[in-house]
There are 2 protein chains.
Amino acid sequence: MESRLEKRVSNTGLRLTAQRRIIARAICLIEDHPSVDEIHRKALETNPNISIATVYRTLRLFEELGLLDKHEFNQSRARYEEATENHHDHLIDIETGKTIEFHDKEIEALQKEIANENGLRLIGHRMELYVRPLGS
Amino acid sequence: MESRLEKRVSNTGLRLTAQRRIIARAICLIEDHPSVDEIHRKALETNPNISIATVYRTLRLFEELGLLDKHEFNQSRARYEEATENHHDHLIDIETGKTIEFHDKEIEALQKEIANENGLRLIGHRMELYVRPLGS
DNA sequence: GTGAAAATGATTATCATTATCGTTATCACA
DNA sequence: TGTGATAACGATAATGATAATCATTTTCAC
Ligand SMILES: [Mn+2]
Ligand SMILES: [Mn+2]
Ligand SMILES: [Zn+2]
Ligand SMILES: [Zn+2]
């Protein structure tokens, strides 16, 4: 089955090479914001010759096209996810790294307000909430 | 004049070596969240032998003691500031890198609420608002 | 002053990411 | 269907920020 991301890649007019198809599919198969080497490992299951260089290149390409969002939670290596229709932010479990996505209209509005109060236009933001399970 | 940071270093019982004193002073002399090599360059003005290794070591030490806060705005190299009494977040000009500090009680409360609604305890967060001057 | 422990400076190692470059695949068109 | 131009790939080297190592120097309690 063709993944949503594969369709979007071909819609850009970009060459949908075997490697790009495999990488796109790998991202969809892994849950929760995979890292570059998680994506590479998953891609290797389909084509054991796919190069890490191609993975880096392709992820950057997809990101520049707006098909992927790149995150750098916690100053660590990059993690990716399919770009979503609607913006969201993340709760991140500091033990396990697991994330929960959320969107808070109130916060988003306040952020814009704060920028405006300072005579500035809000272009983007990063908000990450680092959490623990309640009983710990 | 002894800087606030120098006093706080000696209060920890830590050896206040010449290098640590110079690095502490350098941080206070530079405005707006200096990077490691900005701090190093400023320190070299006082002692031209101070090693970049000592700067990294000392910054990490001060951070672990809670005397400094470390930021990684925009996926780039680390920037430091003296730890403040009260928490704040940052507006960051995406052209110049200049920052404005702010604190919004409402947002802070909402963040805690969001964590709690998900059965989680909020340990910390990162919030950066990326902005442009209004006429651009 | 002396010796153990800590700190420093110089240098090397690490790790994620990017650049390079020779080879291979793709595509427009004859 | 061949053919060249161009794009993409794989292997590997380079980069850049930061951490680790280790021999030397400094500090401090005695
Ligand atoms: Mn997400
Ligand atoms: Mn600040
Ligand atoms: Zn948001
Ligand atoms: Zn905050």
Side-chain angles (χ1 to χ4, degrees), chain A residues 5-6 9-27 33-65 67-81 97, chain B residues 5-6 9-27 33-65 67-81 97:
Chain A
L5 186 51
E6 279 172 88
V9 172
S10 42
N11 286 346
T12 63
L14 208 70
R15 284 190 193 170
L16 186 49
T17 62
Q19 289 89 340
R20 287 175 182 168
R21 192 192 309 275
I22 291 166
I23 290 167
R25 201 164 296 187
I27 293 163
H33 310 87
S35 66
V36 176
D37 64 275
E38 283 170 342
I39 295 166
H40 185 217
R41 275 201 300 276
K42 177 62 77 178
L44 288 174
E45 292 176 12
T46 305
N47 175 345
N49 296 317
I50 236 168
S51 163
I52 185 68
T54 298
V55 176
Y56 272 106
R57 249 193 309 253
T58 303
L59 292 175
R60 189 144 60 103
L61 179 67
F62 288 179
E63 198 219 337
E64 282 163 0
L65 291 168
L67 306 180
L68 290 182
D69 287 338
K70 180 181 184 179
H71 302 291
E72 318 215 30
F73 300 149
N74 235 354
Q75 94 218 22
S76 54
R77 58 224 133 74
R79 302 190 158 273
Y80 289 87
E81 70 177 316
Chain B
L5 187 51
E6 279 171 89
V9 173
S10 44
N11 285 346
T12 62
L14 207 70
R15 285 189 192 172
L16 185 49
T17 63
Q19 288 89 340
R20 287 175 181 169
R21 191 192 310 275
I22 290 167
I23 291 167
R25 202 165 295 186
I27 293 163
H33 309 89
S35 65
V36 176
D37 63 275
E38 283 169 342
I39 295 166
H40 185 216
R41 276 200 300 276
K42 177 61 77 177
L44 289 174
E45 292 176 14
T46 306
N47 175 346
N49 296 316
I50 223 163
S51 163
I52 186 68
T54 299
V55 176
Y56 273 106
R57 250 192 308 251
T58 303
L59 292 174
R60 189 144 60 101
L61 178 68
F62 289 179
E63 198 219 338
E64 282 164 0
L65 291 167
L67 305 179
L68 291 180
D69 287 338
K70 179 182 185 179
H71 302 291
E72 318 216 28
F73 300 149
N74 236 354
Q75 96 219 22
S76 53
R77 59 225 134 75
R79 302 191 158 273
Y80 288 87
E81 69 177 317

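Here the structure is a predicted model, which means the values were calculated and not measured. In what follows, chains carry the letters A, B, and so on, assigned in the order in which the sequence lines appear, proteins first and then strands, with residues in each chain numbered from 1.
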Shoot me the first and last contacting nucleotide of DNA chain D against chain B, ordered 5' to 3', at under 4.0 angstrom to non-hydrogen atoms. D/dA17 to D/dC28

Can you sort out the partners of B/R41 under salt bridge (Lys or Arg N to Asp or Glu O under 4.0 Å), two or more places apart, ordered by chain and number? B/D37

Contact between B/I52 and B/V36 at the side-chain level, heavy atoms closer than 4.5 Å - yes or no? yes

For DNA chain D, whose closest nucleotide is more 5', that of B/R77 or that of B/A18? B/R77

Contact check, residues 49-59 of chain B vs DNA chain C, heavy-atom distance under 4.0 Å, returns B/N49, B/I50, B/S51, B/A53, B/T54, B/R57

Which pairs would a plain distance check flag for residues 57-65 of chain B, meaning a side-chain donor or acceptor within less than 3.5 Å of a matching protein atom at least two apart in sequence or in another chain?
residue : atom : partner : partner atom : Å
B/R57   : NH2  : B/T54   : OG1          : 3.3
B/T58   : OG1  : B/T54   : O            : 2.6

Please enumerate all residues that pass ring-ring contact (aromatic ring centres under 6.0 Å, His included) together with B/H33, with sequence neighbours excluded. B/H71, B/F73, B/H90

Minimum side-chain heavy-atom gap B/E72-B/R77 below 4.5 Å: no

Would you mind classifying the nucleic acid contact of B/A78 as base, sugar-phosphate or nothing, using non-hydrogen atoms under 4.0 angstrom? sugar-phosphate

Give me the first and last nucleotide of DNA chain C, going 5' to 3', that has any atom under 4.0 Å from a heavy atom of chain A. C/dA16 to C/dC27

Checking B/K42 now: which residues fulfil salt bridge (Lys or Arg N to Asp or Glu O under 4.0 Å) with it, not counting sequence neighbours? B/E45

All side-chain contact (heavy atoms from CB on, under 4.5 Å) counterparts of A/R21, not counting sequence neighbours: A/E2, A/E6, A/L16, A/R25

Any donor and acceptor pair, going by atom type alone, linking the side chain of A/H40 with main-chain N or O of A/I50 inside 3.5 Å? yes

Residue set satisfying side-chain contact (heavy atoms from CB on, under 4.5 Å) with A/N11, at least two apart, ordered chain then number -> none

Any B/R15 side-chain heavy atom under 4.5 Å of B/R20 side chain: yes

